[in-house]
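Here is the structure we will look at, set down as structure tokens.
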Protein chains: 2
Amino acid sequence: MSGPVFGRIDQTTMREGVYAQLHDAFTRGQFAPGDTLNLRGLAERLGTSMTPVREAVRRLVAEGALIDAPSRTLRVPDFDLRQMQDLKLARIALEPLVTGRAVERMDAATLEALEGILAEDTVDGKQAGMPDLAQNYRFHFTLYRRADSPVLLPLIAGLWLRYGPYLNLIMRHAGPEIGKGNDIHMTILDAARRGDAKAAQAGIVADIERSFSLLAEASEEQAGDDRMKRRARLTASPWPEQLSR
Amino acid sequence: MSGPVFGRIDQTTMREGVYAQLHDAFTRGQFAPGDTLNLRGLAERLGTSMTPVREAVRRLVAEGALIDAPSRTLRVPDFDLRQMQDLKLARIALEPLVTGRAVERMDAATLEALEGILAEDTVDGKQAGMPDLAQNYRFHFTLYRRADSPVLLPLIAGLWLRYGPYLNLIMRHAGPEIGKGNDIHMTILDAARRGDAKAAQAGIVADIERSFSLLAEASEEQAGDDRMKRRARLTASPWPEQLSR
DNA sequence: ATCTGTGATATGTGATCACAGTAGACGTTG
DNA sequence: CAACGTCTACTGTGATCACATATCACAGAT
């Protein structure tokens, strides 16, 4: 049989679409610890019925990004030092691993992509030093993806999902100071270019520890903010702009 | 206010019940690679409507224990060498980590529990060397739980979930020979008793590598079995007895 | 005999409804 | 004025229905 070549019809469900949007919002730090969600509200904003939202939310709960709070409410977990240390431990166990593999299998296309991502920041500096969490996410995951590790990558993505709300705290607290993160990213990229797996891994660990220490600072502030934040949540919509469109 | 002390009403949903049953079936190796499931059948067997089943199944898909096969069918993933190597890598990255922590924090109660689990096998040898996968699971996770690591433990549980169908293969292939696994478990328990974290970690790695090599053997056989298995699936119910009750 | 279109059957998906339960507002009572 | 009970609004949950779509068996044409 012959004829015109067709593009594949994307066989995507609404459930996946909803999940993707929520996942995005999380990794961008658009949810803060303590935020509450409700299914009907989400469904309305997303233009679907409750069903796909339920399933997406259920998945987020299973991944630990949301929790079932008492009295049938869904909440972004509050800050928890123990849990965060555990999260750091897991990241340090897994991310250097995939980094090593990625560097060993590195190719020109990926290097170029990584350069491009880092360059965005310099050019697109209109945000005036405002850290672009999505960019950070892209850098790490284009690197990790090169490891071609179908089991480890989703695991790491799950960890980042839970880091998201903390990133929100960091962002609010540290603000522009976060910009120097790109120094570390540069170092990692250089190591990847040289094929120096060890150096790249060390860079990743440094990056993780850096965000951890920033978070430790931010968390101290949160205790004071907490009461105010909770009050504000009652009046203002906790909804991140990304999803309201 | 005073009065009699009441036990907590367990606020459990059907969704969780369904998930627990399926999770159990997986870790016991009651599902084999390639098995297919359908929501209505599950719902009927479990005595619920489709809704809770859908959500539990969706979670299993998110965890990688099931996959969405073409034409709206749910399948237990087929054996995949690359995936399995990745799984092994992840296990070796995480399980020694929690083992180390567990040994450091070891207490008498946990040691006793571990002894008890290993003793079961010797006493309850009625299965004639038939490996009790549930017992294996309990041993590892009572050990790991002692690490008190709320992030890492679910991660590891997710990995085991995906190991389940492979265990099924091992069990079918290796049969009684698997009994010597307890030697390694003994070694691990001894190390835990002495507080020797390094030795316990080495034991865990040995255990993982052992099950991996058993699996490598079994996987060769699967290629031949495959055609037969697929035919059998059409006539016989793939349903594990555990769930039919 | 082989290929092809058609209908029946069965699947997951999404929408909708009824319901149990909680929290907070409000009125009542002491 | 404070403590208590009731009532209302809202939540997630589970059941059910309608639907698009894939597979298979079969009949018809070539």
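Every chain is numbered from 1 and lettered A, B, ... according to where its sequence line falls, protein lines coming before strand lines. These figures come from a predicted structure and were not determined experimentally.
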Tell me whether A:Gln85 at atom CD has more than 12 heavy atoms from other residues, nucleotides or ligands lying less than 6.0 Å away. yes
For B:Thr51, answer base if it contacts any base atom (sugar-phosphate contacts may also be present), sugar-phosphate if it contacts only those atoms, and nothing otherwise; contact means non-hydrogen atoms under 4.0 Å. base
Rounded to the Å, how far apart are A:Glu16 CD and C:dT13 P? 9 Å
On DNA chain D, more 5' by nearest nucleotide between B:Met50 and A:Met50 is A:Met50
Donor-acceptor contact below 3.5 Å, side chain B:Gln135 vs main chain B:Ile117: yes
Does A:Arg72 get its side chain close enough to the base of C:dA23, under 3.5 Å, for a donor-acceptor pair? no
Take atom CG of B:Leu39 and atom P of D:dA15, then tell me their distance rounded to the nearest Å. 14 Å
Under the side chain to side chain contact (heavy atoms under 4.5 Å, CB included) rule, what do A:Asp68 and A:Leu74 come out as? Steps first, then yes or no, please. CA-CA 5 Å; A:Asp68 284 303; A:Leu74 293 162; 3.5 Å; yes
Integer-rounded Å distance: D:dG12 P and A:Arg75 CZ: 14 Å
Taking donor-acceptor contacts at under 3.5 Å, does the side chain of A:Arg54 reach the base of C:dG14? no
Interatomic distance where CD belongs to A:Glu55 and C1' belongs to D:dT13 [whole Å]: 13 Å
Exam field: side chain A:Arg101 to backbone A:Asp148, donor-acceptor pair closer than 3.5 Å: no
Angle between ring planes, B:His140 versus B:Trp160, binned at 30° and 60°: parallel, tilted or perpendicular? tilted
Is the phosphate of C:dT13, meaning OP1 or OP2, less than 4.0 Å from a side-chain N or O of B:Arg58? yes
Nearest-angstrom distance from the residue atom CG of A:Leu46 to P of C:dA15: 11 Å
Specify the separation, in whole Å, of atom CD of A:Glu44 and atom P of C:dA15. 14 Å
In whole Å, I'd like the distance from the CE atom of B:Met14 to the C1' atom of D:dG12. 15 Å
Looking at B:Ser71, does any N or O in its side chain come under 4.0 Å of the phosphate oxygens OP1/OP2 on D:dA22? no
What integer distance in Å separates A:Arg40:CZ from D:dA9:P? 15 Å
Counting just side-chain N and O atoms, does A:Arg15 come under 4.0 Å of either OP1 or OP2 of C:dT13? yes
